[in-house]
Amino acid sequence: MKSILLKNIRAVDSDTDINCDILIDGGVIKKISGEIKDSADSEYDCTGLVVMPGLFDMHVHFRDPGYTYKEDIITGAASALYGGFTGVACMPNTNPVADNVETLNYIIEKGRHTGVRIYPVASITEGLKGERGKSSAIIRCLRPQEL
């Protein structure tokens with residue numbers, strides 16, 4: 001992988017708001033400094049641009065499975081990435097409803113290689129009806145380290 005030098009970029013996070021240069025080598029940030037004089041394979045003037053940590057959207061409707069004519073995991077994840085979102089929580093109003101292990105695993109697997117961390121939100125009632133609760137077995141089977 002080639003090295004990239006981003007010049008004159010604004011870096012923002014919860015503790016920082018600076019104008020700087022950023023050197024990336026092999027896809028890894030190697031240096032952040034007020035002025036980097038190192039050479040790189042590519043150099044870009046990023047005046048007016050901002051770099052920041054990826055955002056997380058707590059409420060998305062990718063509608064996959066079942067309503068993919070509205071949105072699906074692949075197109076939803078691509079849109080999320082384009083907007084700077086690196087993680088999303090998908091609502092359970094799918095068909096079938098995300099109230100079972102099979103549907104939740106389907107969502108996780110389909111999103112695995114999108115570049116976005118996909119977290120399905122499980123319905124706590126069967127079929128989103130608010131009547132009969134679902135077993136906590138769903139929660140036990142989908143531990144965060146497996147996502």
For residues Leu104 and Pro120, report the shortest heavy-atom separation together with the two atoms involved. CD2-CB, 3.7 Å

Here the gap from Lys110 atom NZ to Ile73 atom CD1, rounded to the nearest 0.5 Å, amounts to 5.5 Å

Single hit among Ile24, Ile32, Ile29 for side-chain contact (heavy atoms from CB on, under 4.5 Å) with Leu6: Ile24

Under the 3.5 angstrom rule, does the side chain of Asn8 hit a backbone N or O of Cys46 as a donor-acceptor pair? no

Distance check, rounded to the nearest 0.5 Å: Arg117 atom CZ versus Phe56 atom CZ? 10.0 Å

Heavy-atom side-chain contact between Ile22 and Val51 under 4.5 Å: yes

Would you say the side chain of His61 lies within less than 4.5 Å of the side chain of Asn93, judging by non-hydrogen atoms? yes

To the nearest 0.5 Å, atom OG of Ser42 lies from atom NZ of Lys2 at 6.0 Å

Please answer: with hydrophobic residues joined when any side-chain heavy atoms are less than 4.5 Å apart, are Phe85 and Ile74 in the same cluster? no

Contact between Asp64 and Glu71 at the side-chain level, heavy atoms closer than 4.5 Å - yes or no? no

Closer than 3.5 angstrom, by distance alone: can the side chain of Thr114 be matched with the main-chain N or O of Gly111 as a donor-acceptor pair? yes

Membership question, hydrophobic clusters at under 4.5 Å side-chain separation (ILVMFWY): are Ile9 and Ile36 in the same one? no

Any donor-acceptor pair under 3.5 Å from Ser123 side chain to Ala98 backbone: no

Kindly say whether Cys20 contributes a backbone atom to a donor-acceptor pair with the side chain of Lys7 at under 3.5 angstrom? no

Would you compute the distance between atom CD of Glu43 and atom CG of Leu5 and round it to the nearest 0.5 angstrom? 4.5 Å

What's the separation between atom OG1 in Thr68 and atom CZ in Arg63, rounded to the nearest 0.5 Å? 12.0 Å

Measure across Asp25 and Ser3 and return the closest heavy-atom pair with its distance rounded to 0.1 Å. OD1-CB, 3.6 Å

Going by atom types only, do Asp72 and Tyr67 share a side-chain donor-acceptor pair under 3.5 Å? no

Between Ser33 and Asp21, is a side chain to side chain contact (heavy atoms under 4.5 Å, CB included) present by the stated rule, with each step listed? CA-CA 6 Å; Ser33 180; Asp21 296 347; 5.8 Å; no

Measure across Pro65 and Ile107 and return the closest heavy-atom pair with its distance rounded to 0.1 Å. CD-CG1, 4.1 Å

Looking at side-chain heavy atoms only, is the closest gap between Val88 and Phe62 below 4.5 Å? yes

Please round to the nearest 0.5 Å and tell me the distance separating atom CG of Asn105 and atom CZ of Arg112. 8.5 Å

Scanning both residues in full, the closest heavy-atom pair of Thr103 with Asn100 reads N-OD1, 2.8 Å

Correct closest heavy-atom pair for Ala77 and Ile118 would be CB-CD1, 4.4 Å

Is there a path from Met91 to Ile108 through hydrophobic residues (I, L, V, M, F, W, Y) whose side chains come within less than 4.5 Å of each other? no

